[in-house]
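Please read the structure below before turning to the comments.
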Amino acid sequence: MSELSSADRHFMVHAIQLARRGTYTTTPNPNVGAVLVKHNQIIGEGWHQQAGTPHAERHALAATADAAGATCYVTLEPCSHQGRTGPCADALIEAGVGRVVIAMQDPNPQVAGQGIARLRAAGIRVEVGVLEQEARALNPGFIKRMETGLPWVRLKLAMSVDGRTAMASGESQWITGQAAREDVQQWRARSCVMLTGVGTILYDDAALTVRPEQWQWQPAYPSDNVRQPMRVVLDRQWRTPTDAKVISQGEGAWLLGDKATLTTERQAQLEAAGAKLNPMGTEPKTVLAWLAEQGHNEVLLECGAELAGSFVAAGMVDELIVYMAPILMGHAAHPLLQLPEIATMAQVKPLELQDARRFGPDWRFIWRLAEQRPTQGTY
């Protein structure tokens with residue numbers, strides 16, 4: 001690797017680290033970091049902090065009075081359209097930067113190469129693809145929503161060593177220990193939507209809120225700025241109690257169910273309690289498309305085995321976050337997932353392990369659904 005490419009990698013790594021600071025606040029916009037470099041020294045840096053506020057490039061430019069001839073390292077193609085803020089490509093051109101190094105092209109159809117073209121038309125050297133995979137990992141939900149019209153879906157599960165998630169009675173609090181439950185809070189906080197089924201509400205009266213006071217294992221996050229995700233309950237027959245925490249706490253919740261089972265009286269009761277109703281049904285892809293249309297990038301699914309299985313079977317889950325506790329719960333307890341019958345090894349759903357780490361006595365595994373099964377080999 002040449003000295004120049006080593007420098008490019010170094011400064012892009014820093015831009016990626018900056019971008020991560022927006023993980024909990026930027027939605028529906030992507031996380032973006034930018035670094036301005038002149039004479040091999042950083043003269044300005046920034047990250048996108050919240051939708052509607054200046055983008056990363058503008059923060060970096062505001063930090064210096066002399067960006068002329070500098071190189072700007074940015075994790076996502078500078079925007080070229082007028083939104084709530086002005087085009088960043090124009091700001092870089094006006095500042096007189098000499099070179100722009102971009103990790104990845106913006107998948108947003110409103111940009112999609114137009115920012116790059118505008119920079120090049122202004123005579124600025126542009127290079128694209130430096131640490132592209134690392135940059136894509138910053139924004140899986142934004143990228144998937146732009147490319148497919150669906151959000152990125154994580155399924156969170158807690159299980160015993162024998163693969164059980166709740167006792168036969170439905171009791172499930174608590175399978176895992178405090179450290180694992182604290183870790184769940186950061187997944188909730190970065191999610192745009194918390195999605196569950198009515199069974200979880202009936203058995204656990206789950207509030208599905210972010211509780212920043214439980215984030216003892218990581219640097220403090222300002223609790224007054226915590227963005228609570230939108231909460232959605234799939235409830236075909238509108239059985240959610242009017243005094244359920246998911247309705248009474250925070251800004252209420254959306255209930256999605258079947259139009260045929262919603263009476264005028266029941267609608268009035270639920271709406272009076274603070275719920276928002278949409279009789280659109282509960283089919284997984286339809287629900288997720290509706291969420292994506294509203295600008296939601298990442299969905300965290302916390303639910304029982306039946307609903308979890310239906311989303312996996314429909315191919316609507318991108319990632320499994322599985323917490324395993326060192327306990328045995330017995331064969332009568334509820335399984336991890338209820339999937340359609342798998343009769344042969346050719347029908348199994350292969351997973352790819354992304355991460356494994358320990359939280360107190362428990363383990364957390366992050367799995368991705370493999371795109372295709374290997375034609376041979378052992379497991």
Side-chain angles (χ1 to χ4, degrees), residues 1-23 26 28-48 55-61 67 69-81 83 87-93 95-149 152 297-298 318-319 352 354-355 368 370-371:
M1 181 180 290
S2 68
E3 182 179 352
L4 181 61
S5 60
S6 295
D8 287 344
R9 181 181 180 87
H10 170 77
F11 291 120
M12 188 62 77
V13 165
H14 187 54
I16 289 171
Q17 292 170 340
L18 290 169
R20 292 195 183 108
R21 299 188 186 186
T23 296
T26 62
N29 291 354
N31 303 311
V32 182
V35 178
L36 279 170
V37 176
K38 198 168 187 179
H39 306 306
N40 214 36
Q41 297 293 320
I42 294 176
I43 60 172
E45 61 182 41
W47 69 94
H48 185 41
H55 292 182
E57 300 94 322
R58 291 184 177 272
H59 280 296
L61 289 169
T71 296
C72 179
Y73 294 87
V74 61
T75 58
L76 187 69
E77 176 184 2
C79 62
S80 56
H81 64 288
C88 291
D90 290 354
L92 292 170
I93 293 169
V97 301
R99 178 172 176 251
V100 178
V101 180
I102 301 167
M104 64 170 288
Q105 181 174 303
D106 194 334
N108 185 345
Q110 292 183 298
V111 184
Q114 297 180 51
I116 295 170
R118 187 173 297 189
L119 293 169
R120 285 175 171 160
I124 296 174
R125 290 174 53 206
V126 179
E127 297 178 40
V128 184
V130 176
L131 298 186
E132 180 175 355
Q133 292 306 310
E134 290 83 349
R136 290 183 68 88
L138 290 169
N139 298 293
F142 175 79
I143 293 170
K144 186 183 177 188
R145 179 167 67 88
M146 290 297 162
E147 293 180 345
T148 70
W152 184 268
N297 294 325
E298 298 185 5
D318 299 290
E319 208 164 52
E352 297 174 350
Q354 304 296 306
D355 184 74
R368 294 262 177 99
E371 293 184 356

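Values reported hereafter were calculated over all heavy atoms of this structure, with side chains retained and with hydrogens, waters and symmetry mates removed. Note that the coordinates shown come from a computational prediction; the quantities given were computed from them, not determined experimentally.
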Heavy-atom pair with the smallest gap, counting every atom of L138 and A19 = CD1-CB, 3.7 Å
What are the two closest non-hydrogen atoms of S80 and Q110, and how far apart are they?
-> OG-O, 3.9 Å
Give a yes or no answer on whether the side chain of E127 reaches the backbone of R99 with a donor-acceptor pair at less than 3.5 Å.
-> no
Is there side-chain contact between R125 and V100, with at least one heavy-atom pair below 4.5 Å?
-> no
Among all residues two or more places apart in sequence or in another chain, which pass the side chain to side chain contact (heavy atoms under 4.5 Å, CB included) test with A70?
-> L36, K38, I43
E45: what forms a side chain to side chain donor-acceptor pair (under 3.5 Å) with it, not counting sequence neighbours?
-> H14
Could you pull out the closest heavy-atom pair between C72 and A34, with the gap in Å?
-> SG-CB, 4.5 Å
Given side chains that start at C-beta, do those of P30 and I143 come closer than 4.5 Å, heavy atoms only?
-> no
Contacts of R368 meeting salt bridge (Lys or Arg N to Asp or Glu O under 4.0 Å) (sequence neighbours excluded), chain-then-number -> E319
Under the salt bridge (Lys or Arg N to Asp or Glu O under 4.0 Å) test, residues paired with E298 that sit two or more places apart | R154, R190
Counting distance only, does the side-chain N/O of Q105 pair as donor-acceptor with the main-chain N or O of V128 below 3.5 Å?
-> no
Partners meeting side chain to side chain contact (heavy atoms under 4.5 Å, CB included) with V13 (sequence neighbours left out) | R9, Q17, L131
Minimum heavy-atom separation for M12 to A103, with atom names?
-> CE-N, 3.6 Å
Beyond-backbone contact of P87 with R118, side-chain heavy atoms, under 4.5 angstrom | yes
CD1/I42 to OH/Y73 distance, rounded to the nearest 0.5 angstrom?
-> 10.0 Å
Expected output: side-chain R145 to main-chain P28 donor-acceptor under 3.5 Å = yes
When you measure from the side chain of T75 to the backbone N and O of I16, does any donor-acceptor pair fall under 3.5 Å?
-> no
Heavy-atom closest pair, residues P78 and V111 | O-CG1, 3.8 Å
Which pairs, with at least one residue in residues 128-142 and sequence neighbours excluded, count as a salt bridge (charged side-chain N to carboxylate O under 4.0 Å, His left out)?
-> R136-E147
For N139, all residues meeting side chain to side chain donor-acceptor pair (under 3.5 Å), sequence neighbours excluded = N31
Check whether any side-chain N or O of R21 sits under 3.5 Å from a backbone N or O of W47 as a donor-acceptor pair, and report yes or no.
-> no
Taking every heavy atom of L119 against every heavy atom of L92, the minimum-distance pair comes out as CD2-CB, 4.2 Å
Parallel, tilted or perpendicular for H48 and H55, by the 30°/60° rule?
-> perpendicular
Answer yes or no: is there a donor N or O on one side and an acceptor on the other, between the side chain of E77 and the main chain of G113, under 3.5 Å?
-> yes
Nearest-0.5 Å distance that lies between atom CG in L76 and atom CD in E57 = 8.0 Å
For D318, all residues meeting side chain to side chain contact (heavy atoms under 4.5 Å, CB included), sequence neighbours excluded | K144, W152, V153
